[in-house]
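Computed from a prediction, not measured in an experiment: that's the story for all the values here. Every number for a ligand or one of its atoms is a count from 1 in the order of the listing.
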Amino acid sequence: MCSPVLYDIGLEAAIGELASQTQEKFGIECRMIEGGQTRQIDEDLKGLLFKCTHELLKNVIKHARAEHIVVRMSYQDNIVFIAVDDDGFGFDARILANDSNKSTGVGLFGMRERLRMVGGEVDVRSDLCVGTSITISCPVQKK
Ligand SMILES: Nc1ncnc2c1ncn2[C@@H]1O[C@H](COP(=O)(O)OP(=O)(O)O)[C@@H](O)[C@H]1O
Ligand SMILES: [Mg+2]
């Protein structure tokens, strides 16, 4: 999805669209749940959050063999949270501690670094044969 569309329809709608496209294209049930009142998010943060959510969904398609995906978007005070949960294979999140993966600049490492620069983070929970839940979060307005 190109940036003008994202800015026109807003982040919630754009991520909802991404969820629908994922379901149509890959035949995986992909639901979006929105929680709480929406907040104004800085334009460049919207782009970053959209890209990260897209990467999380691509990871589910590529690695998880899941049947269901739930994308949850919520706010707590000044922080926006986007969680992508799947019921797929899961993985050993300790591989993320291996520095040799860091160089690629994309995927979960790149995400973590880019979010850190705006005061955000990535929280990975995964259980083998149960599924994976990855939550990205960051303050909605840059200081
Ligand atoms: N939803 C998921 N289900 C299972 N494994 C995952 C999931 N997301 C990430 N992974 C694992 O974490 C690794 C790192 O992901 P990522 O940094 O995006 O790199 P890439 O997708 O290029 O392999 C993947 O190779 C995969 O083993
Ligand atoms: Mg990836």
Check ligand 1 against the protein and report each N/O to N/O distance under 3.5 Å, formatted as atom name, atom name, distance.
unit_1: ligand 1; atom_1: 1 (N); unit_2: D86; atom_2: OD2; d: 2.9
unit_1: ligand 1; atom_1: 17 (O); unit_2: L108; atom_2: N; d: 2.9
unit_1: ligand 1; atom_1: 18 (O); unit_2: E55; atom_2: OE2; d: 3.0
unit_1: ligand 1; atom_1: 18 (O); unit_2: N59; atom_2: OD1; d: 3.0
unit_1: ligand 1; atom_1: 18 (O); unit_2: N59; atom_2: ND2; d: 2.8
unit_1: ligand 1; atom_1: 21 (O); unit_2: N59; atom_2: OD1; d: 2.9
unit_1: ligand 1; atom_1: 21 (O); unit_2: K62; atom_2: NZ; d: 3.2
unit_1: ligand 1; atom_1: 21 (O); unit_2: H63; atom_2: NE2; d: 2.7
unit_1: ligand 1; atom_1: 22 (O); unit_2: K62; atom_2: NZ; d: 3.4
unit_1: ligand 1; atom_1: 23 (O); unit_2: H63; atom_2: NE2; d: 3.3

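I79 approaches V140 most closely through the heavy-atom pair C-CG1, 4.5 Å.
In E55, the N, O or S atom that comes nearest to the Mg ion (ligand 2) is OE2.
Here the side chains of I28 and H68 are not in contact, with every heavy-atom distance at 4.5 Å or above. Between L11 and M73, the closest side-chain pair of non-hydrogen atoms falls below 4.5 Å. Counting heavy atoms from C-beta outward, M111 and L56 have side chains that approach closer than 4.5 Å.
Hydrophobic clustering, with ILVMFWY side chains joined whenever heavy atoms are under 4.5 angstrom apart, keeps V60 apart from F89.
No side-chain N or O of D123 forms a donor-acceptor pair with one of T135 less than 3.5 Å apart.
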